[in-house]
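One-based numbering, in listed order, for ligands and for the atoms of each.
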Amino acid sequence: MDESIEHSDGPLLRDLTSLGFNERFQALFAPYADEGLLPGRVSRVDRGLPLVFTGHGEVRVEPATHLMKSADQAESRAVVGDWVGLTTPDGHNMPIMEAILPRASSFTRKDPGEATGEQVLAANVDIVFVVHALSKEPNLRRLERELVLAWESGARPIVLLTKADLWPEGLNEVLEHVASASPGVDVFTTSSVTGLGVPDIAELIGPGVTATMLGASGVGKSTLINRLVGEEVQKTKEIREVDGKGRHTTVAREMVPLPGGGILIDTPGMRALALWDASDGIDSAFPEIVVLAEDCRFRDCAHNDEPGCAVRAAVESGELPARRLDSYRSLTTELEVLAARQDVAGRSKKKREDKILAKTIRRHYRDHRHH
Ligand SMILES: Nc1nc2c(ncn2[C@@H]2O[C@H](COP(=O)(O)OP(=O)(O)OP(=O)(O)O)[C@@H](O)[C@H]2O)c(=O)[nH]1
Ligand SMILES: [Mg+2]
Ligand SMILES: [Zn+2]
């Protein structure tokens, strides 16, 4: 099959703007365009070889040597969602990926295979759906951890409760529990069986918007994608008994363009969700605790048994559920353990817009409390 840029076209032709090539990325790409590179977006990566959507179709590309050799793995290895610059030198069949544009957001966890490594899962994502199925009471601990990761990515987190058709009756109580674990985050309910809520999700992922999903295996991520696309583009499967291996139906992260113009990245269900450099994410996911802590007597109060602790006082008065403080503490401790292991000088100093977002949310909670 001829996969060179010039010759692949037809049904795979994509409009780059609806794929998210907005003014920001166009501006970032300008110097590469001057060099004659062609823009494209990584739709999946197989054994290190990215598959890329371009204005002329979908092509398999090879990373340039300077990217392969770079020591900064996080920024020189393309992930799903990256905007890249391609060239096809004379005598080459496969286009070469020469450049990866700086990411507007990146979804990162601690590499499960390494003690202190970072693993970028997806880039340039606008919305992260944190997905739980209503086949049982959602696990709030897991939800909170996922929300920390989602906030930290720089994207907008949204809680998505799937399989609403399986919930016996009266959603109010479960929605209250979920809301208590996700302050400041919108919650949507869907059923891929009845179609409930599916148009709302389609509307969220308008032209140029990129969304991804985070959730355990079997919560119905791929089924919802099929429902949104209107055909079986992703494999789905009955949940089998826990048998260790081979339990996940979706095995690769992959961009799925939706009929409405946006993109939904399907992801394999994830078991290991260790935090990476997520202190901003924790603050955003626990805004009510951050606001309460401003009234603690000591600035470095750990909310254990320090005198004048406003957070503990709020637990005792019933204003703050004890469960929230427990979650906050264990996630904070996890980060401290990771930080202690890391070479401080080598730590990445990513500063993102979600700091501003976090501040806005805190302000909301502060106002809410005092009025
Ligand atoms: N009753 C009901 N079942 C659903 C719904 N959505 C998905 N399912 C079923 O749940 C099972 C798992 O769905 P998948 O879409 O494969 O789950 P997934 O989250 O993609 O799983 P992984 O790819 O392993 O991460 C399938 O048997 C689906 O038919 C729903 O809204 N209601
Ligand atoms: Mg799946
Ligand atoms: Zn305190």
Can you find an N/O atom of Ala164 closer than 3.5 Å to an N/O atom of ligand 1? no
For Val219, the atoms of ligand 1 under 4.0 Å from one of its heavy atoms are 17 (O), 19 (O)
For Val193, the atoms of ligand 1 under 4.0 Å from one of its heavy atoms are 1 (N), 2 (C), 30 (C), 31 (O), 32 (N)
Ser105 side chain vs Ala155 backbone, donor-acceptor pair below 3.5 Å: no
Does Asp126 offer a backbone N or O that forms a donor-acceptor pair with the side chain of Arg156 under 3.5 Å? no
So, does Lys221 use its side chain to make a donor-acceptor pair with the main chain of Gly215 at under 3.5 Å? yes
I want to check something: taking the side chain as every heavy atom from C-beta on, are Pro50 and Val84 in contact at a cut-off of under 4.5 Å? no
Do Arg41 and Thr210 pair up side chain to side chain, a donor and an acceptor below 3.5 Å, judged on atom types alone? yes
In terms of heavy-atom contacts, Arg44 and Arg253 come closest through CB-O, 3.4 Å
Backbone, side chain, both or neither: what part of Leu166 comes under 4.0 angstrom of ligand 1, heavy atoms only? side chain
Proximal atoms of ligand 1 relative to Ser192 (non-hydrogen, under 4.0 Å): 6 (N), 30 (C), 31 (O)
Output field for angle at the Zn ion (ligand 3), Cys296.SG vs Cys301.SG, rounded to 10°, should show 120°
In ligand 1, which numbered atoms sit nearer than 4.0 Å to a non-hydrogen atom of Thr223? 6 (N), 7 (C), 13 (O), 14 (P), 15 (O), 28 (C)
I'd like to check which ligand 1 atoms, numbered from 1 as shown, lie under 4.0 Å from a non-hydrogen atom of Ser191. 31 (O)
Heavy atoms, side chains only, cut-off 4.5 Å: are Val178 and His132 in contact? no
A student comparing Asp165, Thr162, Thr190 should find that the heavy atom closest to atom 1 (N) of ligand 1 comes from Asp165
Once you measure the plane-to-plane angle for Tyr328 and Phe286, does it fall in the parallel (<30°), tilted (30-60°) or perpendicular (>60°) bin? perpendicular
Taking only heavy atoms of Gly269 into account, list the atoms of ligand 1 that are under 4.0 Å away from them. 25 (O)
Hey, is the Mg ion (ligand 2) within less than 2.8 Å of some N/O/S atom on Ser222? yes
Closest N/O/S atom of His303 to the Zn ion (ligand 3), by atom name? ND1
